[in-house]
Q: 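Let me begin by handing over the structure; questions about it come next.
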Amino acid sequence: MQDEPIDPFNGDPTDPASGLDDLDEDAEAEPLTDAERQDVLEDLSDLEIYQALLSPTGIRGLVIECEDCHEPHYFDWDLLRGNLRHLLSSGRPRVHEPAYDPDPEHYVTWEYARGYADGVHDTLTEGNEDEKD
């Protein structure tokens, strides 16, 4: 008796899943270029700032529009940090699925987080410049 269902495409050269074998976790990935590596390191650094500034306001993480499925993906701070570290170490992103029933009000985009951090920075800088005058 067979426990698994029979593969209807077994031996079919037009098997739509045939390319999935190339995505094996153990397959060698192209290493990140120096520029890509630097971008990921900057993202990790920015993520720390965004979390420090936005967590106290109730923001749980970032939302990213997936280029593959064109759906928003919601990542909490730790998951996103783990994904970026995985990318640094392996040279390839983790396979991901959309979060189950997230509350979009608790997530912001990278652009929003960057603008928020820039606004806080500018406000603090303006305060210091006023004291010098």
Q: To the nearest 0.5 angstrom, please state how far the OG1 atom of T33 sits from the CG atom of D39.
A: 7.5 Å

Q: Starting at CG of L88, measure out to CG of L41 and round the result to the nearest 0.5 Å.
A: 5.0 Å

Q: Give me each pair satisfying salt bridge (charged side-chain N to carboxylate O under 4.0 Å, His left out) with a member in residues 79-90, each pair once, sequence neighbours excluded.
A: E48-R81, D78-R81

Q: Might you point out which heavy atoms bring P72 and V63 nearest each other, and give the distance in Å?
A: CB-CG2, 3.6 Å

Q: Atom CH2 of W110 and atom OH of Y50: how far apart are they, to the nearest 0.5 Å?
A: 6.0 Å

Q: Do you know which two heavy atoms are closest between E65 and H70, and how far apart they sit?
A: OE2-O, 2.9 Å

Q: State which residues pass side-chain contact (heavy atoms from CB on, under 4.5 Å) with I59; sequence neighbours excluded, sorted by chain then number.
A: L54, T57, W77, V108

Q: Calculate, to the nearest 0.5 Å, the distance between atoms CG and CD belonging to D76 and Q51 respectively.
A: 9.0 Å

Q: Under the rule for side-chain contact (heavy atoms from CB on, under 4.5 Å), what residues qualify as partners of A52, not counting sequence neighbours?
A: none

Q: Of all residues at least two apart in sequence or in a different chain, which pass the side-chain hydrogen bond (donor to acceptor under 3.5 Å, both in side chains) check with S45?
A: none

Q: How far apart are the closest heavy atoms of C69 and H73, and which atoms are they?
A: SG-NE2, 3.2 Å

Q: List the residues meeting side-chain hydrogen bond (donor to acceptor under 3.5 Å, both in side chains) with E42, not counting sequence neighbours, and say none if there are none.
A: Q38

Q: Among residues at least two apart in sequence or on other chains, which ones pass side-chain hydrogen bond (donor to acceptor under 3.5 Å, both in side chains) with H106?
A: D103

Q: With sequence neighbours left out, what residues match D34 under side-chain hydrogen bond (donor to acceptor under 3.5 Å, both in side chains)?
A: none

Q: Pick out which of L87, L80, L84, N83 makes a side-chain contact (heavy atoms from CB on, under 4.5 Å) with D43.
A: L84

Q: Write down the atom of F75, the atom of Y107, and the distance for their closest heavy-atom approach.
A: O-CE2, 3.6 Å

Q: Hey, what do you get for CG (L32) to OG (S89), rounding to the nearest 0.5 Å?
A: 9.5 Å

Q: Return the set of residues passing side-chain contact (heavy atoms from CB on, under 4.5 Å) with I49 (not counting sequence neighbours), or none when no residue passes.
A: L53, A117

Q: Using 0.5 Å steps for rounding, measure from the NE2 atom of H86 to the CZ atom of R92.
A: 7.5 Å

